[in-house]
2 protein chains.
Amino acid sequence: MARTEFPAKATHAQTRAHNASLVLRALYDLGPISRAAIARLTGLTRTSVGELVAELEQDGLAQEVGRGPSTGGKAPTLVSLIDDARHMVTLDLGERTFTAALLNLRGEIQRRATRNLDGADGDAAVALVHDLIDELLAGPHSPILGIGVGTPGIVDSEGTIRWAVNLSWTDLPLGKRLAAHYNLPTVVANDSRAAAFATFLFEGEDRPTNLIAIKVGHGIGAGLVLDGQLFDGDGFGAGEIGHIVIEPDGAPCHCGRFGCLETVASVPAILRRAFFQAAESGVRIPQSIEAIAAAAAAGDELALGVVRAAGRALGMAVASLTGALDVRRIVVLGSATVLGEPWFEAIRDEARRRTLATLARDTEVVNGGPADDAVLLGTCALLLTRELGLTVRR
Amino acid sequence: MARTEFPAKATHAQTRAHNASLVLRALYDLGPISRAAIARLTGLTRTSVGELVAELEQDGLAQEVGRGPSTGGKAPTLVSLIDDARHMVTLDLGERTFTAALLNLRGEIQRRATRNLDGADGDAAVALVHDLIDELLAGPHSPILGIGVGTPGIVDSEGTIRWAVNLSWTDLPLGKRLAAHYNLPTVVANDSRAAAFATFLFEGEDRPTNLIAIKVGHGIGAGLVLDGQLFDGDGFGAGEIGHIVIEPDGAPCHCGRFGCLETVASVPAILRRAFFQAAESGVRIPQSIEAIAAAAAAGDELALGVVRAAGRALGMAVASLTGALDVRRIVVLGSATVLGEPWFEAIRDEARRRTLATLARDTEVVNGGPADDAVLLGTCALLLTRELGLTVRR
DNA sequence: CGGACTTTGTCCATAGGCTGGACAAAGAAC
DNA sequence: GTTCTTTGTCCAGCCTATGGACAAAGTCCG
């Protein structure tokens, strides 16, 4: 178990870095803004802000962009972040496809690349990762801030993938390897948690302090942003809710237990249930999650039943999360969100049924959409935090 | 919902305070220790440590206590915390009794006082609080570090009790009132969460970074210590697991729902179940939790069944906590712990049955004992953290 | 149009606090 | 007794926040 080590001492350099990140964050969140306004918002003196902005200009991260309207005195000089001052390469190592993108500081995708996995695993899969990074770095780009990788499975803070079942990776120090090979800062993180962090960071200036994002697709995983920080847990497994047991006497799960959330509420599970129900009733078997969504939207009772059952199961998980953590913003994203309102209503109903009324009243379960790029954006967000100190605590 | 405000700027004073708390913590955890050793452990220069220790001596918090053994050079001067340099008054506002104590910096109880509630609520209950504090402050004591209050119910970070059912308090700004009346720093916190923080802080030097303490008595509540900090949640309700729904078709709960954890696993619930079971079977009805524990220990199948059922229900809650948070140290404390091993085994079994094998293997469910003073110690720990900066992050 | 007032951004002297080297005191090893 | 280590303090230097002063550039009002 991780023990509390002695925290690092505080130095002047850290103080400076902290204040620099305050300025950066003001610039990032509040668009073109004057030095004086930054000083008011952050509490820093105009002197310090001036120096820090000068540093950012030196680094090519910020520039003056004209004057703003006067409020009774000298008109302010507006300073703006240069969105394309840095680029990043981030990857989403999906079930069947590896996706990569070149992003700017705003998380805007400049270029993409994909590779089909075609059953590749182990070293072959690692080769694909290099391949994608090389392809994206071959084109024109600004200085690279770092490389970000989102992957299923458990990843420690050093960037070592403890295990990722479908890629047959165990204890793969991917982070260190990529960092050494490309000589660039590298972040490797679990995909769901990366997605959660993206949802948090790109929320804009009034991001909540706490947020839980649940990604429902082939698997189910959540990321917990607590006090503005992605929470790891002791074994870097925080948010791995796919194997919470929902129906103790339910279907077997590949994890060895019965009735895990994934056996009930994941996209494959929903398809399976729809298949059996349709076969039993002798009606047409839906071939995709979209087909089920369409049928449910059209009022097909069978489809609605399947959708609602899946939603309720997820609602139980939501209830246990909100009950335990009292986090009031839950964002659900991933391919399952095409199921739309009937599904969300079931999630909300069940969550409400299982938590204190006062708590449930203030908890919002938000539809985050398919969020296909959430993982790509997530490791981007992690790089922004780690390399630029875009978010800070204290 | 709480939004991320702009974090405070960093100043030299903060840097100093941070480093001061590192020194204090070394002193607190590692007993009599030399300045040089502190410097090595914290990474601070001997110069800084010397200054900071001098400040602590100035404040009467530390003193030199002789020389240590030489390791080949000048023998180190050992410095020690003065355990009784400050005292605190802390209170545990229980169901039927208010308990208070005067504690020193080590959480050692110097004097106690209690008052029976006898149905007092509202202002009468507040009067009792004053009464207890006055009684303890009347005797001899060192300078008072602060006042700490642990209470059931939801308490915000300002020390306002949002609601506490049994005392019929709503939105009572107890913290501010006491602080103003006694002109002393005051901490008010939920009792279970205070207890959790005590369990964390008084664990000693190798306290884990994450810990969950679950208090099972008349009610059930948990406290979450995540990354060394008590986690609040958006509405200061983190850890309020007593009303997680375990049996959707179970017994009605006073909260308005059915089958909450408290209707199954709390001490009153266990007594109730034992009562009905015994009445049904026509055997002697156990009058106390201790009697049930004794019967179970003696092999009474009826009692064992009740104990195990309660344990399993708690195990479900543990599973959902560990599954979601991946926190590997769970401490269970409170009056229900007299149920002993049969109960703990049921908790562990059920938790194991419902979480990933790899996770369950490393998770320990520890018997924290009745921990009658945990709430008193908990607000003491909170005061130590808040007023002396005994624990810090970064 | 001109003077009074505001706001902005920079400059400068000051001070807080960390850094690292120097040094004496105190002990061990030979 | 000499040399080497370790400890604790002192001191000069540096980084960085602070707050006042000031010029530039506006608005507002007569």
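Note that this is a predicted model, so its numbers are computed, not measured. Naming: A, B, ... by sequence-line order, numbering from 1 per chain. Both backbone and side-chain heavy atoms feed into the values below; hydrogens, waters and symmetry mates do not.
Residues Leu24(A) and Leu52(A) form no side-chain contact, since every pair of their non-hydrogen atoms from C-beta on lies 4.5 Å or further apart. By the 4.5 Å heavy-atom criterion applied to side chains, Gln14(B) and His18(A) are not counted as neighbours. For the pair Gln110(B) and Met88(B), the minimum side-chain heavy-atom distance is 4.5 Å or more. In this structure the side chain of Ile33(A) reaches within 4.5 angstrom of the side chain of Leu41(A), judged on heavy atoms. Taking 4.5 Å as the limit, every side-chain heavy atom of Val187(A) sits out of range of all side-chain heavy atoms of Val149(A). Residues Leu388(B) and Arg86(B) fail the side-chain proximity criterion, which asks for heavy atoms closer than 4.5 Å. The shortest side-chain heavy-atom distance between Tyr182(B) and Leu137(B) falls under the 4.5 Å cut-off. Between Phe236(B) and Val155(B), every side-chain heavy-atom pair lies at or beyond the 4.5 Å cut-off.
Listed in residue order, the members of residues 59-67 of chain B having a heavy atom less than 4.0 Å from DNA chain D come to none. Within residues 69-76 of chain A, the residues approaching DNA chain D are Ser70(A), Gly72(A), Gly73(A), Lys74(A), by heavy-atom distance under 4.0 Å.
Proximity of a side-chain donor or acceptor of Ser48(B) to a complementary backbone N or O of Leu44(B) within less than 3.5 Å is not detected.
Just one residue in the list Leu224(B), Val327(B), Val225(B), Leu325(B) forms a side chain to side chain contact (heavy atoms under 4.5 Å, CB included) with Asn210(B), and that residue is Val327(B).
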Quick one, give me the B/S/- string for nucleotides 10-18 of chain D, reading 5' to 3', where B means a protein heavy atom under 4.0 Å from the base and S means that only happens at the primed atoms, P, OP1 or OP2. BB---BBSB
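Partners of His12(A) under the ring pair (Phe, Tyr, Trp, His ring centres under 6.0 Å) rule, at least two apart in sequence or in another chain, are His12(B).
Among the protein residues, Arg46(B) comes within range of the nucleic acid bases, having at least one heavy atom under 4.0 Å from a base atom.
On the nucleic acid side, DNA chain C has its first and last nucleotide under 4.0 Å of a heavy atom of chain A at dT6(C) to dT19(C), going 5' to 3'.
Rounded to whole Å, atom P of dT5(D) lies 15 Å from atom CZ of Arg40(B).
Between Leu211(B) atom CG and Leu230(B) atom CG the span is 10.5 Å, to the nearest 0.5 Å.
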Determine all donor-acceptor pairs shorter than 3.5 Å in which one atom belongs to a side chain in residues 72-85 of chain B; sequence neighbours excluded.
| unit_1 | atom_1 | unit_2 | atom_2 | d |
| --- | --- | --- | --- | --- |
| Asp83(B) | OD1 | Arg106(B) | NE | 3.1 |
| Asp84(B) | OD1 | His87(B) | NE2 | 3.1 |
| Asp84(B) | OD1 | Asn104(B) | ND2 | 3.3 |

